[in-house]
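Accompanying notes for the structure given below.
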Amino acid sequence: MQHDDVVWSIINKSFCSHKVKTDTRTFCRHEYNLTGLCTRRTCPLANSQYATVREENGIIYLFMKTAERAHMPAKLWERIKLSRNFNKAIEQINENLVFWPKYIISKNKQRFLKITQYLMRMRQLKLRRQKLIVPLSTKIERRETRREEKALVAAKIDNHIEKALLDRLKHGTYRDIYNFSQTAFNKALEAERIEDEQDEEEDEEEELEVEREMEVDEEAAELHRDLLSEEFVEAETDDEEDDDDTQSESGQREEVEMDSDFGHSDDDDDDDADADDIEDIKVPAKKSTKTKSKKTSDTAAAAAAPSSTKRRRAKPKLELEYEYEVETGAEREKVHY
């Protein structure tokens, strides 16, 4: 038979493994403690009839202990699952603790309320987007940096050793004794061949560029020489064009026999006017003087036309007759051939 007063006197005055003393209060670390305080009414060890509310994996249970199960420690606490609905859970607590002290009933309801509140906060925080904080160890970072530096130094040393061995091999230091792998040797030869090809391609490109520049310079020099050596011919004037009309196709002058009466009239003034206007062709004439000058210019042009058959036959003589009829007033002059 359990004696609650004897147990409490031992716990309160001597030693208890769940007791935690502070300057102000004394707390209890027992998992089934109702309030967390070390008192006579809230101690789960010194009370044979005890009830509390606990949460396991998001589910709230009501735990009850009675004196009838004190001889079975494995079945000492009866567990009842409470509903997710707050009102139904309160009803379950009232039904199961109907004849229990009111202090225990009220404290169980308060504990149930607090547990439901922190479960709601936990669900809200879980649904939110949270930042994952990953700790970085400075010791590991320093170790990795040292390893990287050592690996770079080792790689440089290996490259230098490989180059030195290849140079010795080229110069024939080892002669016929080769103790290194053939694959490394072939790889080195292939790399050297690729470098030589790249150098040759670069040299060829430079030569092509130089040749193109030389060709451009030669073309410019040839154009300059052609411009200097080219002879420019002076343009002909109007007088020279008139003289050329009397020349033949071969560039020699030809003589044309004309009558003594060609281009002469009775009046000297009319002759001067005809000589001045002899080059006018196809000009509408309103007066007799202009008509006469037009006719004389046509005959002169026909007589001065070049002929390539002078030596074969002589040109016929031209006979021109002029008749003038002068009328008084505004009448025009008539010219008849």
Side-chain angles (χ1 to χ4, degrees), residues 1-140:
M1 189 68 182
Q2 184 180 359
H3 298 279
D4 294 339
D5 295 332
V6 175
V7 175
W8 173 248
S9 64
I10 295 169
I11 291 170
N12 188 23
K13 294 180 180 179
S14 62
F15 173 76
C16 181
S17 61
H18 301 289
K19 187 184 292 186
V20 177
K21 289 185 178 181
T22 60
D23 297 335
T24 56
R25 301 292 296 270
T26 303
F27 298 98
C28 181
R29 292 184 299 183
H30 198 277
E31 58 182 356
Y32 290 100
N33 192 292
L34 184 59
T35 59
L37 300 175
C38 185
T39 59
R40 175 70 180 82
R41 292 190 297 180
T42 59
C43 182
L45 300 175
N47 291 289
S48 58
Q49 189 180 8
Y50 196 81
T52 185
V53 177
R54 290 187 62 198
E55 176 264 329
E56 293 180 357
N57 299 324
I59 299 171
I60 305 173
Y61 296 97
L62 175 64
F63 288 86
M64 297 183 297
K65 184 181 77 167
T66 59
E68 291 78 12
R69 292 190 297 271
H71 64 282
M72 295 183 292
K75 297 179 181 180
L76 182 62
W77 294 91
E78 182 184 358
R79 187 175 71 174
I80 299 171
K81 183 179 178 180
L82 298 178
S83 175
R84 289 183 179 272
N85 191 353
F86 185 80
N87 295 326
K88 289 182 179 181
I90 295 295
E91 290 178 0
Q92 288 178 353
I93 293 170
N94 291 328
E95 289 176 0
N96 290 288
L97 304 177
V98 61
F99 297 111
W100 290 54
K102 293 183 179 179
Y103 178 79
I104 294 176
I105 295 172
S106 64
K107 291 298 179 182
N108 277 297
K109 290 180 181 179
Q110 292 178 5
R111 187 175 179 85
F112 174 74
L113 178 61
K114 293 293 181 182
I115 290 172
T116 51
Q117 288 177 354
Y118 83 68
L119 285 175
M120 290 172 63
R121 286 196 298 270
M122 285 174 63
R123 293 191 186 99
Q124 290 176 359
L125 293 173
K126 191 70 176 178
L127 293 173
R128 291 180 186 176
R129 183 178 296 176
Q130 296 179 354
K131 294 181 180 179
L132 181 62
I133 299 173
V134 180
L136 297 175
S137 179
T138 56
K139 183 178 179 181
I140 296 172

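Position 1 is the first residue of the sequence; numbering continues from there. Below, each value reflects all heavy atoms present in this structure, side chains not excepted, and no hydrogens, waters or symmetry copies.
The backbone N or O of Q92 lies less than 3.5 Å from a partner atom in the side chain of N96, making a donor-acceptor pair. Of the possible polar contacts, none joining the R29 side chain to the V20 backbone as a donor-acceptor pair under 3.5 Å is found.
Remark: T66 OG1 to E68 CD distance equals 4.5 Å, nearest 0.5 Å. A distance of 6.0 Å separates CD of Q117 from CZ of R121, quoted to the nearest 0.5 Å. With rounding to the nearest 0.5 Å, the separation of CG in N94 from CG in N108 is 10.5 Å. Rounding to the nearest 0.5 Å gives a distance of 13.0 Å between CD1 of I104 and CD1 of I93. Atom SG in C38 sits 8.0 Å away from atom CG in N33 (nearest 0.5 Å). A distance of 11.5 Å separates SG in C43 from CG in L37, rounded to the nearest 0.5 Å.
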Chi angles and distances behind the side chain to side chain contact (heavy atoms under 4.5 Å, CB included) call for K109, I90: CA-CA 7 Å; K109 290 180 181 179; I90 295 295; 4.2 Å; yes
Residue pair C28, T42: steps toward the side chain to side chain contact (heavy atoms under 4.5 Å, CB included) verdict: CA-CA 9 Å; C28 181; T42 59; over 6 Å; no
Side chain to side chain contact (heavy atoms under 4.5 Å, CB included) assessment of H3 paired with V7: CA-CA 6 Å; H3 298 279; V7 175; 5.7 Å; no
Side chain to side chain contact (heavy atoms under 4.5 Å, CB included) between L45 and H30, intermediate numbers included: CA-CA 9 Å; L45 300 175; H30 198 277; 4.1 Å; yes
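Taking both residues in full, the closest heavy atoms of L76 and A70 are given as CD1-CA, 3.8 Å, listed atom of the first, atom of the second, then distance. The heavy-atom pair separating C16 from I11 by the smallest distance is CB-CG2, 3.6 Å. The minimum heavy-atom distance between F112 and L82, with the atom names listed, is CD1-CD1, 3.8 Å. Taking both residues in full, the closest heavy atoms of P44 and K65 are given as O-NZ, 2.6 Å, listed atom of the first, atom of the second, then distance. Scanning all heavy atoms of the two residues, the minimum distance from L97 to A51 falls at CD2-CB, 3.8 Å. Of all heavy-atom pairs spanning E55 and Y118, the tightest one is OE1-OH, 2.9 Å.
For M72, the CE atom counts as densely surrounded, since its 6.0 Å shell holds more than 12 non-hydrogen atoms of other residues, nucleotides or ligands. The neighbour count for R41 CZ, taken as heavy atoms of other residues, nucleotides or ligands under 6.0 Å away, does not exceed 12.
For residues 78-87, every residue pair satisfying the salt bridge (Lys or Arg N to Asp or Glu O under 4.0 Å) rule, not counting sequence neighbours, is listed here: E56-R79, R69-E78.
Classification of the W77-Y50 ring pair by plane angle, with boundaries at 30° and 60°, yields perpendicular.
Within the 4.5 Å cutoff, the side chain of L62 has no heavy atoms near those of the R111 side chain. Taking the side chain as every heavy atom from C-beta outward, D4 and R40 approach each other to under 4.5 Å.
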